[in-house]
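Have a look at the structure below before the remarks.
Predicted model only: the values in this text are computed from it and were never measured.
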Amino acid sequence: MTHPSTAVPPPASPAASAPTDPAPPSGGPSGSLAKGQIGTFDLVFFVVAAAAPLTVLAGVAPFAIGIGGPGTPLGYLVSGALLVLFAAGFTAMSRYVRNAGAFYAYVARGLGRTLGVATAYLATLSYNLIAPGVAAGFGYFASTTLSDLTGAQLPWWPLSTLCVLGTGVLGWLRVTLSAKVLGVALVLEVLVLLVMDVGVLADRGTAALDITSFDPSVLSSSGGMAGMFVLVIGAFTGFEATAIYAEEARDPERTVPRATFIAIGFLALFYAAGVWILMGGFGTDRSVTMARSSDGPQLTFHAADRFVGPWLADSMHVLIVVSAFAATLAFHNAAARYLYALGREGLLPRRLGRVSARQGSPVTAVVAQTVFGLVIVVGGALIDADPYAEIFLWTNSTGVLGIMIMQALAALAVCFFFRRDRRGMSVWRVAVAPLIAFVGLALLSVLATLHFDLLTGRTGAVNAALLVPLPVVLVAGFVVALRIRRADPGRYARLTEVDVERD
């Protein structure tokens, strides 16, 4: 979730091991996550809350409109369609590989363990960067909202610290509690945006529904199409986390695919419709002009104020804070599970693979991720970094690009995993669709690299410094994997074998 707008923005060192709870296991033995805890809609809440739809439509959408022009709503649908193709193969493979380190396990099983280990380090870096970055965004949003609504002046970093600690506590508790918190936050986000949409339609009627936004020629004629797609595809980041929770899901063979398709379908339609109606409220051409102006980041708030009332704009400012907390919690949980999975494999300190016997949560990984988040927040405050323009945007830009690269690798891994035995599935689902997704995601990853300034708001040395960690951790993963293969071939052959289902 990268949100380059000012409107609304190395793996963690393991912390000291927390004491294991003395109570008997509930749902899973010590060393394994609690089983059967998460249902379909719990998973949907996790991944859609991570995408933060309110922050996307209030923060990213005006920026995307300014770059992509009238065809921006279609851009969200095209991106959703590409990710549906990815999900077709992704969910097919989830039936046979159930591992809390989903991406690296998929790549390892499809493209080889060496590349899988490299992907493991890339995944750990990406998710662990995003979580504290969004926490910094939470502090920024909370501080500015308090100032706007009450006049109180409170620094961002104490609020971000509370966010990191709060998500750490929820991450340690049973995972179903996190799902409930995310569910409430998501309902509020969606509700406030729907109220705005109804207000626009009630005022403008069918005049707000300009079908030219869905004309492919309008999209292809936009000079900023490449940059727009970089922003739009980032708005879906988080949906892939469904597979991360496969070990904890009820009936994962059905739960993971259902949740993945529901999440992608909902986000694509909700984003496209929301942007379409927002643009129609002011008129398509005028909305593009407004989005490109200095007041462009306030476009969604202006629409809420004009078509419903100031109370809705104020509610949006408050709920953006809630949205940021929900996204932080979702990414914290995903990051902790990658740390847990790599600790269990011995690719990071094995203490990270410890599980709370009482809560069934990856307790040491939760502590490590929380400590890492505190280091980022407190360190940023000490050097007087801007919480949004620097901490939030920079960490999320690197993290989102890393996830896009992993998605491309996972799509290709599906093709190779099923190339000799389709296990009764159609060639479209396990070969054609994932291959198209790989090409599309690889192209978008290249575009994101070339247009990295759109994500970070910086150029030159800063962007180079933010991009360098991605190849560095990939190379480190290759080195570790080759060392394990040379020193202990038996251990190398067992990597990613935990919780793998076979025919």
Check whether any side-chain heavy atom of [X] sits under 4.5 Å from a side-chain heavy atom of [Y], and report yes or no.
X	Y	answer
Ile403	Ile130	yes
Tyr104	Leu342	yes
Ser445	Gln407	no
Leu467	Thr449	yes
Phe417	Val430	no
His302	Phe282	yes
Val318	Val321	no
Leu186	Pro53	yes

With a 3.5 Å distance limit and no angle check, can you tell me whether [X] reaches the backbone of [Y] through a side-chain donor-acceptor pair?
X	Y	value
Thr167	Val164	yes
Thr40	Ala259	no
Tyr121	Val475	no
Thr260	Val256	yes
Arg337	Asn333	yes
Ser160	Ala135	yes
Thr328	Ala324	yes
Tyr271	Ala235	yes
Arg422	Met425	yes

List the steps, then state whether side-chain contact (heavy atoms from CB on, under 4.5 Å) holds for Phe301 with His317. CA-CA 8 Å; Phe301 296 102; His317 280 292; 3.5 Å; yes
Is the closest side-chain donor-acceptor distance between Asn463 and Thr456 under 3.5 Å?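 There is such a pair (donor and acceptor under 3.5 Å, judged by atom type) between the side chains of Asn463 and Thr456.
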Give the C-alpha distance, both sets of side-chain angles, the deciding distance and a yes or no for side-chain contact (heavy atoms from CB on, under 4.5 Å) between Arg286 and Met279. CA-CA 8 Å; Arg286 186 180 173 215; Met279 294 174 68; over 6 Å; no
[atom2] on [Y] to [atom1] on [X], rounded to 0.5 Å:
X	Y	atom1	atom2	result
Phe141	Asp148	CZ	CG	12.5 Å
Leu201	Ile277	CG	CD1	4.5 Å
Leu74	Trp276	CG	CH2	11.5 Å
Asp305	Gln298	CG	CD	10.5 Å
Leu441	Ile436	CG	CD1	11.5 Å
Met316	Glu189	CE	CD	11.0 Å

Could you check Leu278 against Leu57 for side-chain contact (heavy atoms from CB on, under 4.5 Å), going step by step and ending with a plain yes or no? CA-CA 9 Å; Leu278 173 64; Leu57 286 175; over 6 Å; no
Please name the pair of heavy atoms, one in [X] and one in [Y], separated by the smallest distance, quoted to 0.1 Å.
X	Y	answer
Thr395	Gly133	OG1-CA, 3.1 Å
Cys163	Phe325	SG-CD1, 3.7 Å
Gly71	Met228	O-CE, 4.5 Å
Phe372	Asn128	CE2-O, 3.1 Å
Tyr127	Ala334	CD2-CB, 3.9 Å
Ala208	Gly281	CB-N, 4.3 Å

Crowded around Phe416 CZ? As in, over 12 foreign heavy atoms under 6.0 Å?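 Incorrect, the count does not exceed 12.
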CZ (Arg419) with more than 12 external heavy atoms under 6.0 Å: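 Yes, the 6.0 Å shell around CZ holds more than 12 heavy atoms from other groups.
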A cation-pi test, strictly: NZ or CZ of Arg423 under 6.0 Å from the centre of the six-membered ring of Tyr96 and no more than 45 degrees from its axis. Yes or no?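 Yes.
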Please lay out, stage by stage, how Phe138 and Trp156 fare under the test ring pair (Phe, Tyr, Trp, His ring centres under 6.0 Å). CA-CA 8 Å; Phe138 169 89; Trp156 67 271; over 10 Å; no
For residues 76-92, tabulate all N or O donor-acceptor pairs below 3.5 Å that involve a side-chain atom, not counting sequence neighbours.
residue	atom	partner	partner atom	Å
Ser79	OG	Gly75	O	2.9
Thr91	OG1	Ala87	O	2.6
Thr91	OG1	Ala88	O	3.3
Thr91	OG1	Arg429	NH2	3.0

Determine whether Asp453 and Thr459 satisfy the following criterion, side-chain hydrogen bond (donor to acceptor under 3.5 Å, both in side chains), listing intermediate values before the conclusion. CA-CA 6 Å; Asp453 58 306; Thr459 58; over 6 Å; no
Donor-acceptor pairs are to be reported for all side-chain atoms of residues 60-69 against protein atoms at under 3.5 Å, with residues two or more places apart or in another chain.
none

Apply side-chain contact (heavy atoms from CB on, under 4.5 Å) to Thr145 and Ile320, showing your working. CA-CA 9 Å; Thr145 299; Ile320 279 176; over 6 Å; no
Let me know which of Thr289, Thr212, Asp210 forms a side-chain hydrogen bond (donor to acceptor under 3.5 Å, both in side chains) with Thr284.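 For Thr284, the side-chain hydrogen bond (donor to acceptor under 3.5 Å, both in side chains) check succeeds only for Asp210.
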